[in-house]
Chemist: 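First, the structure itself, so that you have it in front of you.
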Number of protein chains: 2
Amino acid sequence: MRNTSPSSPAARQAEGIDRLWGTSVGEDTAFLLARANAITLAAANAAVGAFGLKVRSYSVLALAVSGERPNQRELSEFLRLDPSQIVALIDELEKRGLVRREPDAGDRRVNVVVATDEGREVYAGAREATERAEAECFSALDDEDRDRLKTILRTLAAAPGASAG
Amino acid sequence: MRNTSPSSPAARQAEGIDRLWGTSVGEDTAFLLARANAITLAAANAAVGAFGLKVRSYSVLALAVSGERPNQRELSEFLRLDPSQIVALIDELEKRGLVRREPDAGDRRVNVVVATDEGREVYAGAREATERAEAECFSALDDEDRDRLKTILRTLAAAPGASAG
DNA sequence: TATTGTTATACTCTATAACTATA
DNA sequence: TATAGTTATAGAGTATAACAATA
């Protein structure tokens, strides 16, 4: 151990990597975005995991609960997941009795995804958990910055090019 | 085709999924963050792909170029990647002659990762490409919002809990 | 001929554990 | 006994193509 300036090993380690924040990587907005996403994703997965869900299946369940009666293609497009992945997610939720595929009256190719009563219950609990987790993730921000972040991200989501892969 | 209100199929489709933005999912900051990340990640991968890199290998190269002489454990911690993944990334970059492992004089277990001249050249081109791509991703934001976003994301990165998986 | 949902498959990414050499 | 780096492997996630039913 040559570098003896900081007392504890943990402190020395932290000091060690903190210097890398001054590099071009640490200045890159896309990198910071990826990191923030990794943190919130992990927290959200932990939160909904208590309800036997992952972020993916939770999102599908939330949209099924919404009352908007999305079909599978719409879920695929909105969540930016391949149609085949949506099939697997719905299969899993349907097997657990949380959602139901309902054939569309006007177009027999189309399945609309709706929540069951049990799905609504599970969703209510999971949503509370994710909101708690999210509040904790963003606890370093004041209310104004939280609003700003959300507004900015919504602007990006609505921007042209946001639909391109 | 029962719903004939919007003229083109594309317009009808867009109208269709836009209604889902009004749901709880569309209001979720973590969801918006994931989407923004997916968009910028795809754009960045496309940009550095022209130089035979991915975002991962580009990040390692950037840190090797920085002059901070990070070792593999530091790269692993800073980039939040497993040490074994760092090995693979450096192997690839080293095989292409873009970086070099240099044994640390003080601790023979440690490898410091530094860029070669060619690595610096490739990095310069790739960095320009990522900056162009990033500018395009964030073109919907004015300068003030871009700064705000960066500041907020930096606050989150520095927050306690940002190091927890 | 195009679209919705489905199946199958291969590829990438990620997580884990065990090993070596040094400390 | 602990740490840096390496190897091997299994699991999750992702992308792609082909297919049946329907429009």
Side-chain angles (χ1 to χ4, degrees), chain A residues 1-4 8-10 12-13 16-17 34 37-38 41-42 45-46 49 53-57 59-60 69-95 99-113 164-165, chain B residues 1-4 8-10 12-13 16-17 34 37-38 41-42 45-46 49 53-57 59-60 69-95 99-113 164-165:
Chain A
M1 239 181 238
R2 299 299 169 95
N3 181 358
T4 52
S8 74
R12 182 175 50 79
Q13 212 172 69
I17 76 153
N37 177 52
L41 183 65
N45 267 320
L53 299 168
K54 296 180 185 173
V55 164
R56 292 276 160 79
S57 43
S59 301
V60 170
R69 300 178 62 82
N71 63 40
Q72 297 189 203
R73 183 193 52 72
E74 288 171 334
L75 291 173
S76 163
E77 200 177 339
F78 186 70
L79 297 174
R80 300 171 70 90
L81 297 173
D82 193 85
S84 61
Q85 294 177 50
I86 297 292
V87 170
L89 289 168
I90 297 175
D91 281 353
E92 182 200 321
L93 290 170
E94 197 166 37
K95 190 154 44 176
V99 305
R100 217 173 33 234
R101 284 172 167 98
E102 281 189 4
D104 184 293
D107 185 337
R108 283 189 299 177
R109 292 173 305 182
V110 175
N111 289 332
V112 152
V113 181
Chain B
M1 241 180 236
R2 300 296 169 96
N3 180 358
T4 53
S8 74
R12 182 177 48 79
Q13 213 172 67
I17 76 153
N37 177 53
L41 182 66
N45 267 321
L53 298 168
K54 296 179 185 173
V55 164
R56 292 276 159 81
S57 43
S59 301
V60 170
R69 299 178 63 81
N71 63 39
Q72 297 188 202
R73 183 194 50 74
E74 288 171 335
L75 291 173
S76 163
E77 200 177 338
F78 186 70
L79 297 175
R80 301 171 69 89
L81 297 174
D82 193 85
S84 61
Q85 293 177 52
I86 298 293
V87 170
L89 289 168
I90 298 176
D91 281 353
E92 182 199 320
L93 291 170
E94 197 167 36
K95 190 153 48 175
V99 306
R100 219 173 31 233
R101 283 173 168 97
E102 281 189 6
D104 184 292
D107 187 336
R108 284 188 298 177
R109 292 173 303 182
V110 176
N111 289 332
V112 152
V113 181

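Residue numbering restarts at 1 for every chain, and letters A, B, ... go by the order of the sequence lines.
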Chemist: How many angstroms lie between CD1 in B:Ile90 and CG in B:Leu75, if you round to the nearest 0.5 Å?
Modeler: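 The distance works out to 5.5 Å.
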Chemist: Please report the distance, rounded to the nearest Å, between CD1 in B:Ile90 and P in D:dA4.
Modeler: 14 Å
Chemist: Separation of A:Asn111 atom CG from C:dT7 atom P, in whole Å?
Modeler: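 That distance rounds to 12 Å.
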Chemist: Any base atoms under 4.0 Å from A:Asn71, or only sugar-phosphate, or nothing? Heavy atoms, all strands.
Modeler: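 Touches sugar-phosphate only.
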Chemist: Given 3.5 Å as the limit, does a donor-acceptor pair link the side chain of B:Glu92 with the main chain of B:Leu89, or not?
Modeler: no
Chemist: Rounded to the nearest Å, what distance is computed from the CZ atom of residue B:Arg73 to the P atom of nucleotide D:dT6?
Modeler: 14 Å
Chemist: To the nearest Å, how far apart are B:Leu89 CG and C:dT12 C1'?
Modeler: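 Atom-to-atom, B:Leu89 to C:dT12, this comes out as 12 Å.
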Chemist: Let me have a per-nucleotide readout for nucleotides 15-22 of chain C, 5' to 3', with B, S or -, counting only protein heavy atoms under 4.0 Å.
Modeler: -B----BB
Chemist: Dot-bracket for DNA chain C, 5' to 3', with Watson-Crick and G-U pairs under 3.5 Å, [ ] for crossing pairs and | for other-strand pairs: what is it?
Modeler: |||||||||||||||||||||||
Chemist: D:dT22 C1' sits how many Å from A:Asp104 CG, rounded?
Modeler: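 The distance from CG of A:Asp104 to C1' of D:dT22 comes to 12 Å, rounded to the nearest Å.
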Chemist: Show, in sequence, the C-alpha distance, side-chain angles and deciding distance for A:Asp104 and A:Asn71, and conclude whether the side chain to side chain contact (heavy atoms under 4.5 Å, CB included) test is met.
Modeler: CA-CA 9 Å; A:Asp104 184 293; A:Asn71 63 40; over 6 Å; no
Chemist: What is the separation between atom CG on A:Leu41 and atom C1' on C:dT14, rounded to the nearest whole Å?
Modeler: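 Checked: the CG to C1' distance equals 13 Å.
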Chemist: In chain order, what residues pass the salt bridge (Lys or Arg N to Asp or Glu O under 4.0 Å) check against B:Asp91, with sequence neighbours excluded?
Modeler: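 Scan of B:Asp91 (salt bridge (Lys or Arg N to Asp or Glu O under 4.0 Å), adjacent residues dropped) gives B:Arg101.
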Chemist: Quick check for you: to the nearest 0.5 Å, what is the distance between B:Ile17 atom CD1 and A:Arg73 atom CZ?
Modeler: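 Here the interatomic distance stands at 8.5 Å.
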Chemist: What is the minimum heavy-atom distance between A:Gln72 and A:Val87, and which atoms define it?
Modeler: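 Shortest heavy-atom separation between A:Gln72 and A:Val87 comes out as NE2-CG2, 3.7 Å.
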Chemist: Closer than 3.5 angstrom, by distance alone: can the side chain of A:Ser76 be matched with the main-chain N or O of A:Asp82 as a donor-acceptor pair?
Modeler: no
Chemist: Is there a side-chain polar atom (N or O) of A:Lys54 under 4.0 Å from OP1 or OP2 of D:dG13?
Modeler: yes
Chemist: Say you draw a straight line from CG of B:Asn45 to NZ of B:Lys54; how long is it, rounded to the nearest 0.5 Å?
Modeler: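 Between B:Asn45 CG and B:Lys54 NZ, I get 8.0 Å after rounding to 0.5 Å.
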Chemist: In this structure, how many angstroms lie between the C1' atom of D:dA12 and the CG atom of A:Asn45, rounded?
Modeler: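 Nearest whole value for this atom pair: 11 Å.
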Chemist: Please report the distance, rounded to the nearest Å, between CD1 in A:Ile86 and P in C:dG5.
Modeler: 10 Å
Chemist: For a quick test of reading the model, state the closest non-hydrogen atom pair linking A:Ser59 to A:Leu79 and the distance between them.
Modeler: CB-CD2, 3.8 Å
Chemist: Within less than 4.0 Å of OP1 or OP2 of C:dT3, is there a side-chain N or O belonging to A:Gln72?
Modeler: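 So the side-chain polar atoms of A:Gln72 never come under 4.0 Å of the phosphate oxygens OP1 or OP2 of C:dT3.
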